[in-house]
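Here's the structure, in C-alpha cells; my notes come after.
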Number of protein chains: 2
Amino acid sequence: MAATIKDIARVAGVSIATVSRVINNLGGYNEETEKKVLAVAKALEYRKNENARSLVQKSTKTIGVIMPEVTTAFYGDIIKGIEDVSYEHGYSVILTHAGMSGARIHESMNLMGERRVDGLIIVSVELHEAEIESLSSLGILFILLSTKTNREDTPYIKVDDFSAAYTAVNYLIENNHRIIGMAGANPDDSIAGSPRINGYIQALQDHSIKVDLNLIKAGDFSFESGKKAMQEFIEHHAEVTAVFCASDEAALGIISTCFENDLQVPKDISVVGYDNSKVSHMSIPPLTTVAQPLYEMGREGCLSLIASIQNKIKIESKVIPHELVIRKSVKKLS
Amino acid sequence: MAATIKDIARVAGVSIATVSRVINNLGGYNEETEKKVLAVAKALEYRKNENARSLVQKSTKTIGVIMPEVTTAFYGDIIKGIEDVSYEHGYSVILTHAGMSGARIHESMNLMGERRVDGLIIVSVELHEAEIESLSSLGILFILLSTKTNREDTPYIKVDDFSAAYTAVNYLIENNHRIIGMAGANPDDSIAGSPRINGYIQALQDHSIKVDLNLIKAGDFSFESGKKAMQEFIEHHAEVTAVFCASDEAALGIISTCFENDLQVPKDISVVGYDNSKVSHMSIPPLTTVAQPLYEMGREGCLSLIASIQNKIKIESKVIPHELVIRKSVKKLS
DNA sequence: TTGTAAGCGTTATCAA
DNA sequence: TTGATAACGCTTACAA
C-alpha cells in the first residue's frame, strides 16, 4: 500500500541506502540525488514507518502512561504536561488506565512491555510489592507521579501531602479557628489519605489544640463524602468553625450541605479544599485550597524520564512545593 | 537485552518457527515441545515484541486519538470510553493533542501516520478543507467525535446541538419563561456555537416569542464569559427571567454573578447549562443541563472504528440522542 | 558519493 | 509435528 524506501529507490534509480540517507538528512550525497530522491518521495506520498525504524534502533520513542480509572481534570492536567514534553522531544505517548484501584495494573504494565515503550510514567496508582517486582522485571525506566512506594529505589515526583495538609490547617489556626473538622480523606490510602490526616493532626498538636478524632470524617475524596461529613458535623458537632477537606470535591460537598442548612460559608463556617481544581474558583464562595502544580508535575516527570532515557542516568525523586491558594472560603475569627 | 524467540529456540533446541507457534497457540506441535518451549520462555522472561509483530502483520493494533488542548473532564470521559473499548479488543491507544484551535493538527496527523495506527479518532477539533485533505491522504480509517465537517464522506458521532439547544430552551418556555437570555456560545464555532444559538432562536420563534439579539451574549464557553454575560443582563436587561448557557461552566459563571448581586437561582433567575459535566450536580443549586453521553460516545466511536478496521466496512455517521437532566436551577413561573 | 548486505524480532510459506 | 527461509521496512557497517 504505502510507499517504502524500496519503492523510492526503484523509481529514483538509487539504492535504498541512499534513500535512507536523504530521508534522514545524514549528508554524504550530492545535491542532485537529494533532489531526485526527495521529489520521488513526495510524488509517492512516502511516509516513514516509525515502527520499522524502532525495530532496528531498539528504541520506540514512546512514553507509556498508566493511571487510575478516575476521569477528572486532575489527570487531564498531568497528561497535558506529559504530552507537551513528549511532543517537544519527539516522543509519542501511549495511554492506558489501570482500572479501579489498580485492577488492571498488571495487564497495563505488560502491554507497555510488549510495546517496548522507552519509559513509563505511573500516575497516582498505589503500588504494592508484587507490582513493583514486575515493574522492575520489565526492565523499563519509570517514574511515579503523585504517588510513591516504600522502597528507596523507585523514583517519584509528588508534593508532600503531610506538610501541605499542615499548611492548610495552620492557616485556619492563624485565622483563629480552634475547633476544626476534617473531611473526605480515606485513612487507608497511604498516599493521599493518611498523610493528610496526619498533617492535620500535627498542626493542631503544634498549637496545643486537643485532637478530637470524632472530628475526622473519613471518606473517599468525593462530593458525597463531603456532604455526609458536613451533615454529621451539623448534627453532632455544631461547635466546629472550620473544615479542612482532602479534596476540592469534598469541600464543595461541605458547602452544598451548608447551603441546604442555611449555613453560610465563610460567615458561619470556613472551608479549605485540596487540589486547586478548576471548580475551586467557580464555587460560591471561591475556595481557598491547596494547589499541586499538576501540569508542571507532568512536565517535570516526563522531562526527568526522557533525560534518563537519553543519558542513562538515574532519576532523582523530587518533592515539589505545594501552595495555598487563598480565595474566600475562610473567615478570620476575632 | 530482552530475550527473543531466537534465544528460546536455541535454548530449547527447537526452531524459531516452533517457538512462534507455541507462543501464539497455533497448535501443530506435541505437548512435550510445548511444555519445553513455554518453560524456557518463562525462564528467560520472554516478552513478545509487539513492534516486530506489527511489521510483518501490517497492523499495529493501535488506535490514535487526537483532541484539542483543553483539559476538562469532558475529554476524560470520552477518552475513557475509547480506552475501555480498545483494551477489550486488544488495541492500544496513542494520544496526542492538536494544540489550541488545532495549531498542531498537521503534526499530530503526521505522527499518527508514521506510527501506522490502524485507526484514528479525532475529538472536537474543527477540521477545514486542508486538514480533511491530508487526513484522507493518510489512508487511515478515522471517525470524528463531537465534531463534523461539511463533507458527506467524513463519518462522525455527535449529538445534534441544534435540537439539544432547542430542547433546553423549550423547557424554559414550558416553565413559562418568556424573556430568555443566551450566554457563552461562540457564534463563529460552527460545531458547538452557532447550532446552539440557532436552536435557541428557533425555539423562541416556534412559540411566537420575539427574538432580541441583544439577549444573546457571545462568549467562549468559559466561566468568565458566563459572569460577563450576567453582568450585562443585570445592567441592561433586568427583565430577563432565565438564561440558557452553551456550557456548564458558563452557567456557573451566571450563578456566581447572580450571587454577587444578591440574585437567587432559581428564585430570581433560572439557568440551564450544557454538558452535564461533573460540576453540574455540585453547584448551588444543582444545575439543570443538557447531557451528552460522553463515555458512550467514546465507546461507540471506538467500536465502530474497530469494526470498520476488522471488517473493512464503511463507518456510518451517527447522531446520538441528547437528554435534558432536570435538577434545580429552573423555576416554574405561574 | 553510492551501493551491497546484514540484521532488528517477528510471522508465514513451503518442504520435510 | 517440525524446520528453513523469505519477508516486513528500515538502519548501518563496510566496500566500492
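A, B, ... follow the sequence lines: proteins, then strands. Residue 1 opens every chain.
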Sort me out a list of protein N/O and nucleotides 2-5 of chain C N/O pairs below 3.5 Å, or just none if empty.
residue, atom, partner, partner atom, Å
C:dT2, OP1, A:Asn30, ND2, 3.3
C:dT2, OP1, A:Thr33, OG1, 3.4
C:dT2, OP2, A:Asn30, N, 2.9
C:dT2, OP2, A:Thr33, OG1, 2.8
C:dG3, OP2, A:Ser15, N, 2.8
C:dG3, OP2, A:Ser15, OG, 3.2
C:dG3, OP2, A:Thr18, OG1, 2.9
C:dG3, N7, A:Arg21, NH1, 3.3
C:dG3, N7, A:Arg21, NH2, 3.3
C:dG3, O6, A:Arg21, NH2, 2.2

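Under 4.0 angstrom from either OP1 or OP2 of C:dT10 there lies no side-chain N or O belonging to B:Lys6. In this structure, B:Asn24 reaches the C:dT11 phosphate: one of its side-chain N or O atoms is under 4.0 Å from OP1 or OP2. The phosphate of D:dT11 (OP1 or OP2) has a side-chain N or O of A:Ser20 nearer than 4.0 angstrom.
Between the CD atom of B:Glu114 and the P atom of D:dC10 there is a distance of 10 Å, given to the nearest Å. In this structure, A:Leu55 places its CG atom 12 Å from P of D:dC10, rounding to the nearest Å. Between the C1' atom of C:dT10 and the CD1 atom of B:Ile23 lies a distance of 11 Å, rounded to the nearest Å. The distance between atom NZ of B:Lys58 and atom C1' of C:dA12, rounded to the nearest whole Å, is 14 Å. If you measure from atom CG of A:Asn49 to atom C1' of D:dA7, you get 14 Å, rounded to the nearest angstrom. Rounded to whole angstrom, the span from the NZ atom of B:Lys48 across to the P atom of C:dT11 amounts to 8 Å. With rounding to whole Å, B:Ile5 atom CD1 is found 16 Å from D:dT5 atom P. When the C1' atom of D:dC10 is taken as reference, atom CD of A:Gln57 falls 9 Å away, rounded to whole Å.
Side-chain contact check for A:Thr147 versus A:Val125: every heavy-atom pair is 4.5 Å or farther apart. Side chains of A:Glu83 and B:Thr96 form a contact here, defined as non-hydrogen atoms less than 4.5 Å apart. Between A:Ile66 and A:Met112 the shortest side-chain heavy-atom distance falls below 4.5 Å. Side-chain contact between A:Thr33 and A:Val22 is absent, with no heavy atoms from C-beta onward closer than 4.5 Å.
Applying the side chain to side chain donor-acceptor pair (under 3.5 Å) test to B:Ser190 and every residue at least two apart in sequence or in another chain returns B:Glu126. Taking B:Ser54 as the reference, nothing meets the side chain to side chain donor-acceptor pair (under 3.5 Å) condition, with sequence neighbours excluded. Judged as a side chain to side chain donor-acceptor pair (under 3.5 Å), and not counting sequence neighbours, B:Glu34 has no contacts.
Applying the salt bridge (charged side-chain N to carboxylate O under 4.0 Å, His left out) definition to pairs two or more places apart or across chains, none involves residues 134-149 of chain A.
Applying the 6.0 Å contact sphere to CD of A:Glu129 captures more than 12 heavy atoms from other residues, nucleotides or ligands.
The residue B:Arg47 sits close only to the backbone: its heavy atoms come under 4.0 Å of sugar-phosphate atoms, none of a base.
Annotation: the terminal axes of the helix from C:dT1-D:dA16 to C:dA16-D:dT1 meet at 40°, where each axis is the rotation carrying the C1' atoms of four end pairs onto the next four (5 pairs per end, rounded to 10°).
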